[in-house]
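This report concerns only the one structure given below.
In listed order, ligands and their atoms are each counted from 1. Keep in mind that this is a model prediction, so the values were computed, not measured.
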Amino acid sequence: MAPSSAGSTGTLPAVRPYRPLPQEVLPECKTAAVAAVSKALTWAESDGAEAAARLGGGDHGRQLALAFRPLLRGEVASAMEPIYPQYGGLDDNRATASVMLVGRQLLLAEGASRPRAREFVVDVRLSRAGSRWAVTSARVGVPPRPARPDAAARELLTNGRIVLPEPARADVVSGGIGGEVTGLLNRLSSRWKLHVQVLRTGHPVNVFGTGRMSNHTRGRAVDIWAIDDTPLIGSPRSLWEPVVIEAARLGATEIGSPALPRGRAGLPPVFFANATHADHLHLGFEQSRR
Ligand SMILES: [Zn+2]
């Protein structure tokens, strides 16, 4: 599609390239995930229709372009800034992975002098062959419709100490996030500023590599990638340990972190740690078994 009013449309700012943070687990895996999303969401003077070619062409490129379609419409130019690529799962052999990328898409409409921005989340699936990671599929998180959030959800939406990317905010606005999670975040925010990666939208439906439904899908879990503006990855345990201890005291029953916390004696056995959770805290609530 040729621009019909050449000269009147502005330009997109240069976006900073992605650099993995120090001590990321398998930084090459995250780099491959971000690169694929960047290819899909970077175009100029077109409608994004040739995304399949940007994604490598052939059936695989067409399939990936189809997966990214919710983010490919409308504007004459698009660029992408990653916010954070967090693991949604990593298998024990470190041969397959889910990387949930939260990012910002800058979109320039025809005739507009400035871009508008929207935040998105994509669950990128990858597999490893030797030392090389290849994207096998992707799923853009499509936020739910707004509904009637309850009081705890409304409090969370105005809580400046809980940073919610747009898809997670939409989850809260939809009323689909349980009161345990919204209440927990509000209470933790009195001591910490927490950066949420995902609530429901964008998270794998099932716990990675299993057929078991994730508590994220039920609106009963949250992933947190940074505390007080500091990413978990590469940080000492003093950053996150007090948060998980407090979350357990406040009733969370499913707590994943980079390592098992000290100071957990006397608390219920709710803690787990693995490579997937090296870059985030998972705070969840099992469904009541009554
Ligand atoms: Zn989680």
Side-chain angles (χ1 to χ4, degrees), residues 24-26 29-30 33 83-92 96-103 120-126 139 141 143-144 156 162-172 174 176-185 188-189 192 194-227 231-233 235 239-241 243-248 250-261 268-287:
E24 288 281 11
V25 175
L26 301 171
C29 175
K30 290 195 171 184
I83 295 174
Y84 190 65
Q86 183 210 289
Y87 282 117
L90 191 58
D91 75 314
D92 290 344
T96 58
S98 151
V99 174
M100 300 182 299
L101 174 65
V102 170
F120 64 85
V121 58
V122 189
D123 174 11
V124 183
R125 300 300 176 98
L126 305 100
R139 189 171 61 97
L156 185 61
I162 303 294
V163 180
L164 296 170
E166 283 170 31
R169 175 163 287 270
D171 286 336
V172 178
S174 79
I177 304 304
E180 299 98 332
V181 171
T182 51
L184 176 69
L185 288 170
L188 292 174
S189 75
W192 299 282
L194 302 175
H195 292 254
V196 169
Q197 181 79 1
V198 294
L199 288 162
R200 173 192 274 168
T201 297
H203 194 278
V205 171
N206 292 333
V207 175
F208 187 77
T210 76
R212 183 161 55 87
M213 187 183 276
S214 163
N215 275 318
H216 286 277
T217 308
R218 300 187 176 99
R220 301 178 65 84
V222 58
D223 286 348
I224 291 162
W225 71 275
I227 299 166
L232 258 82
I233 194 73
S235 291
L239 178 74
W240 54 263
E241 217 166 37
V243 180
V244 296
I245 294 294
E246 183 65 7
L250 292 172
T253 58
E254 194 181 72
I255 300 181
S257 52
L260 290 175
V270 296
F271 301 98
F272 65 96
N274 53 36
T276 299
H277 293 80
D279 64 5
H280 70 282
L281 301 181
H282 169 98
L283 307 179
F285 293 83
E286 289 285 1
Q287 272 184 316

Check: Gln197/His280 side-chain N/O donor and acceptor closer than 3.5 Å: no
Of all the atoms in His216, is at least one N, O or S atom closer to the Zn ion (ligand 1) than 2.8 Å? yes
Restricting to N, O or S atoms, which atom of Asp223 is closest to the Zn ion (ligand 1)? OD1
The N/O/S atom of His282 lying closest to the Zn ion (ligand 1) is ND1
Has His280 got an N/O/S atom less than 2.8 Å from the Zn ion (ligand 1)? no
Sub-3.5 Å donor-acceptor pair from the side chain of Ser257 to the main-chain atoms of Ala273, do we have one? no
If we ignore hydrogens and angles and just use 3.5 Å, is the side chain of Tyr87 paired with the main-chain N or O of Val25 as donor and acceptor? yes
Qualifying residue for side-chain hydrogen bond (donor to acceptor under 3.5 Å, both in side chains) with Asn215, from Arg200, Glu254, His203: Glu254
